Amino acid sequence: MPTQNIRVRIAPSPSGNLHVGTARTALFNWLYAKKYNGKFILRIEDTDAERSEEKYVQNIFDSLKAIGLNWDEGPDVGGEYAPYKQSERQEFYDKYSAKLLESGHAYYCWCTQEELEAEKELAKQEKRDFIYSGKCKNLSADQIEKYKTEGRKPVVRFSIPPKKLKFNDLIKGEIEFDTALTGDIVIMKSNGTPTYNFAVVIDDLEMKISHIIRGEDHISNTPKQILIYEALGVEVPQFAHLGMILAPDRSKLSKRHGATAVSEFINQGYLPEAFVNFLAFLGWSSPDGEEIKSPEEIANLFSLDRVSSNPAIFEFDKLNWMNGVYIRNLPIRDLAQRCGKYLGKYDLSCYSESQLDLIIDSVRKNLVKLDEISDLVSYFFGEDVNIDNELKQNVLISDESKKVLADFLEFAENFDYNNIEKIHEQFDKFRERMKPLKPKQIMPPIRAALTGLNHGADLAVIISVLGKDRVTKRIKANL
RNA sequence: GCCCCCAUCGUCUAGAGGCCUAGGACACCUCCCUUUCACGGAGGAGACCGGGAUUCGAAUUCCCGUGGGGGUACCA
């Protein structure tokens, strides 16, 4: 059980908005830090200048904050091991690369892309796997001089010692690789910047990362990284690899499956707290079997040995259910405020705050995502209401319906419009008077005339909010 | 191709040799509640990938298949 100096990190690359997979990895790191009193660090891996963009850095910040994952150290808040952007850490890569060069663990490789391609082609013809030959490892001074005058820019390669390498993954258990199957890897590109496998190691080492919790797409990088730690003579961190998050068709979650970025989900009206709760249970399970939990509660119960090692499919059904649970449990004022941004098409000023609360409250049980609120409350706005022909045919045109509406109109004269309880009572009286007609014959026409729909909020609430004028008007329109 | 990971209801999972006639949650079905849709409540259906081996006993251990996923870059 880890107890001291736990330092974990999330290291997203700003080549896109924060992906749900990355968010889930971030969450597990955050939970681990929280549970064991460690530090959670955010590092931006922007070595690939081509694909990195500042707007994505911002999106990563915003998304992480939105789901409550605050970091102890990072590009914006700084920290003891700053800077926290790879693009600003060049000196470290240079320093360690020189060190490896000096100790003989790395060497300059002058091979051109074409030469490498040729080697690959040859390997293919001979039906063997391509492994870099290492031919630049022992170059003569003359040869090197010749390459230099040709204007070739070398890469730095790390020589992979062939051996059976075992490591104990905190989630997967023991994993063994034969490093002889890996050729010497490039650690510094010819433009002088580090490759991913080198940069992570150096950063994690410099930032004193104790546990690396990441997606299992990194398992095969792990032996290369361990070898670099070893060559540097430093302590190797602990590794824990999470199963992937897959789309319902078992393929990698991508745009064609819908939203993949945390911000997209939030924009659609998934509550951040519901979303993060959902993410936590994608791979982790609570010992008490309960599934509605706050990040703090989860952190208390969290442990890596309750993290499953299989891939998890991202199913919307459960997310939707969970979001509904959170929506139903939210204080109404809070909910109403959050719904505000989805209600832009209505003139909200015609209602008081408490009326708005009442409106939202009357439909929240039907609300799955916040962006659905607009449709659910449509009939509370405007003077009139559209009723499609089918509904008219079904519940409004019969003589019986007309009679109900006419009687109702008369009755509605004396409703106590400001008192929902009273309206309920008066409704009861109305139904009493309409006997032998059944409720099912009485209510639908009234609802249809008032809302243009065959389902929705409690009628007493609708009547109260609409007020006498609009109730009268909408009923008369259907007589 | 080669390397690595994974394999329990449709889905997320519980399960660390006998507690399993395999438990929970979502989804699904039925019923109840009800002015509608929902919400809520009560039930139901639904799984250990296949084959060997170990053992008195295997969902649980080990092999071999099969299936899925990942990696195999001067991308991260």
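The sequence lines fix the lettering, A, B, ..., with proteins before strands; numbering per chain opens at 1. Since we're looking at a predicted model, the values are computed, not measured.
- Note: CG (Asp46(A)) to P (C75(B)) measures 14 Å, nearest angstrom.
- A sub-4.0 Å separation between OP1 or OP2 of A38(B) and a side-chain N or O of Arg364(A) is absent.
- Residue contacts shown for Gly215(A) are absent, as no nucleic acid heavy atom lies under 4.0 Å away.
- With P as the reference atom, G67(B) and G50(B) are 15 Å apart, rounded to whole Å.
- Using a 4.0 Å heavy-atom distance criterion, Asn310(A) is classed as a sugar-phosphate-only contact.
- Legend: residues meeting side-chain contact (heavy atoms from CB on, under 4.5 Å) with Phe408(A), ordered by chain and number and at least two apart, are Ala412(A), Phe415(A), Phe427(A), Phe430(A), Ile446(A), Ile463(A), Val471(A), Ile475(A).
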- Expected string for nucleotides 21-30 of chain B under the B/S/- scheme (protein heavy atoms, under 4.0 Å, primed atoms plus P, OP1, OP2 as sugar-phosphate) is ---BBSS---
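- One atom, CG of Asp249(A), and another, P of G10(B), lie 17 Å apart when rounded to the nearest Å.
- The distance between atom CG of Leu242(A) and atom P of G69(B), rounded to the nearest whole Å, is 19 Å.
- Test Asp203(A), Thr193(A), Thr47(A) against Tyr93(A) for side chain to side chain donor-acceptor pair (under 3.5 Å) and you get one pass: Asp203(A).
- For the pair Asn168(A) CG and C4(B) C1', the interatomic distance rounds to 16 Å; values are reported in whole Å.
- The pairing partner recorded for C2(B) is G71(B), the criterion being a Watson-Crick or G-U wobble arrangement whose two distances lie under 3.5 angstrom.
- A76(B) atom P lies 13 Å from atom CZ of Phe198(A), rounded to whole Å.
- If you take atom P in G71(B) and the same atom in C75(B), they sit 16 Å apart, rounded to whole Å.
- Taking atom P on both C63(B) and G68(B), the two are 22 Å apart, rounded to the nearest angstrom.
- C62(B) and C5(B) have their P atoms separated by 12 Å, given to the nearest Å.
- The pairing partner recorded for A7(B) is U66(B), the criterion being a Watson-Crick or G-U wobble arrangement whose two distances lie under 3.5 angstrom.
- To the nearest 0.5 Å, the span separating CD1 on Ile442(A) from CG on Leu405(A) amounts to 11.5 Å.
- Contact annotation for Arg214(A): no contact, since no heavy-atom pair falls under 4.0 Å across all strands.
- C28(B) and A76(B) have their P atoms separated by 44 Å, with the value rounded to a whole Å.
- Straight-line distance from the CD1 atom of Ile245(A) to the C1' atom of C6(B): 15 Å, rounded to whole Å.
- Thr25(A) places no side-chain N or O within 3.5 Å of a backbone atom of Arg214(A) that could act as its donor or acceptor partner.
- Put simply, CD1 on Ile373(A) and CD1 on Ile360(A) are 4.0 Å apart, with the number rounded to the nearest 0.5 Å.
- In this structure, Tyr417(A) places its OH atom where more than 12 heavy-atom neighbours from other residues, nucleotides or ligands lie under 6.0 Å away.
- Panel note: side chain Arg306(A), backbone Trp284(A); no donor-acceptor pair is recorded below 3.5 Å.
- With distances taken from any side-chain atom of Ser285(A) to the nucleotides C39(B), A76(B), A14(B), the minimum falls on A14(B).
- In this structure, the ring of His211(A) has its center no less than 6.0 angstrom from the ring center of Phe28(A).
- Contact annotation for Phe177(A): backbone-only contact, meaning every heavy-atom pair under 4.0 Å involves sugar-phosphate atoms and none involves a base.
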- Message: Each nucleotide in nucleotides 60-67 of chain B should get exactly one letter: B, S or -. Can you fill that in based on protein heavy atoms under 4.0 Å?
- Response: --------
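- Between Thr47(A) and A76(B) there is a side-chain N or O to OP1 or OP2 distance below 4.0 Å.
- Each of G1(B), A38(B), C6(B) was ranked by its minimum atom distance to the side chain of Pro311(A); first place goes to C6(B).
- Projected onto RNA chain B by closest heavy-atom contact, Glu176(A) and Val307(A) fall at different nucleotides, the more 5' of which corresponds to Glu176(A).
- When the P atom is compared between U61(B) and C19(B), the two are found 16 Å apart, to the nearest whole Å.
- The separation of C20(B) from A38(B), taken at their C1' atoms, amounts to 37 Å, rounded to a whole angstrom.
- The backbone N or O of Leu18(A) sits nowhere less than 3.5 Å from a side-chain atom of Ser63(A) that would complete a donor-acceptor pair.
- Of the N and O atoms on the side chains of Asp458(A) and Ser362(A), not one donor lies less than 3.5 Å from an acceptor on the other residue.
- Ring pair Phe265(A)/Phe314(A) is tilted by interplanar angle, where 30° to 60° counts as tilted.
- With 3.5 Å as the limit, one finds no donor-acceptor pair spanning the side chains of Asp416(A) and Gln426(A).
- For the atom pair CH2 of Trp110(A) and SG of Cys136(A), the computed distance is 9.0 Å after rounding to the nearest 0.5 Å.
- Pairing for U54(B) is absent, judged as Watson-Crick or G-U wobble with the two contacts each under 3.5 Å.
- Annotation: C49(B) and U60(B) have their P atoms spaced 8 Å apart (nearest Å).
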Where do N or O atoms of nucleotides 70-74 of chain B meet protein N or O atoms at under 3.5 Å, pair by pair?
unit_1 : atom_1 : unit_2    : atom_2 : d
G71(B) : O4'    : Ser220(A) : OG     : 3.4
G71(B) : O2'    : Ser220(A) : OG     : 2.8
C74(B) : O2     : Ser190(A) : N      : 2.8
C74(B) : O2     : Ser190(A) : OG     : 2.9
C74(B) : N3     : Ser190(A) : OG     : 3.0

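- The backbone N or O of Ser87(A) sits less than 3.5 Å from a side-chain atom of Asp46(A), completing a donor-acceptor pair.
- The one candidate from Lys135(A), Lys124(A), Arg128(A) that meets the salt bridge (Lys or Arg N to Asp or Glu O under 4.0 Å) condition with Glu119(A) is Lys135(A).
- Looking at heavy-atom distances under 4.0 Å, Arg328(A) makes contact with sugar-phosphate atoms alone, never a base.
- As rounded to whole Å, 15 Å separates atom C1' of U13(B) from atom CG of Asp305(A).
- The distance from atom CG of Leu101(A) to atom CG of Asp94(A), rounded to the nearest 0.5 Å, is 11.0 Å.
- The residue among Asp178(A) and Val325(A) whose nearest nucleotide of RNA chain B lies closer to the 5′ end is Asp178(A).
- Under the Watson-Crick or G-U wobble criterion, with both distances below 3.5 Å, A59(B) is left unpaired in every strand shown.
- The side-chain hydrogen bond (donor to acceptor under 3.5 Å, both in side chains) contacts involving residues 269-283 of chain A comprise Tyr270(A)-Asn320(A), Glu273(A)-Arg338(A), Asn277(A)-Tyr326(A), where partners must be two or more places apart or lie in separate chains.
- Taking atom CZ of Arg51(A) as the reference point, atom P of C75(B) lies 10 Å away to the nearest angstrom.
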- Task: Using a 4.0 Å cut-off on protein heavy atoms (strictly under), produce a 5'-to-3' string for nucleotides 31-36 of chain B with B for base contact, S for backbone-only sugar-phosphate contact, and - for none.
- Result: ----BB
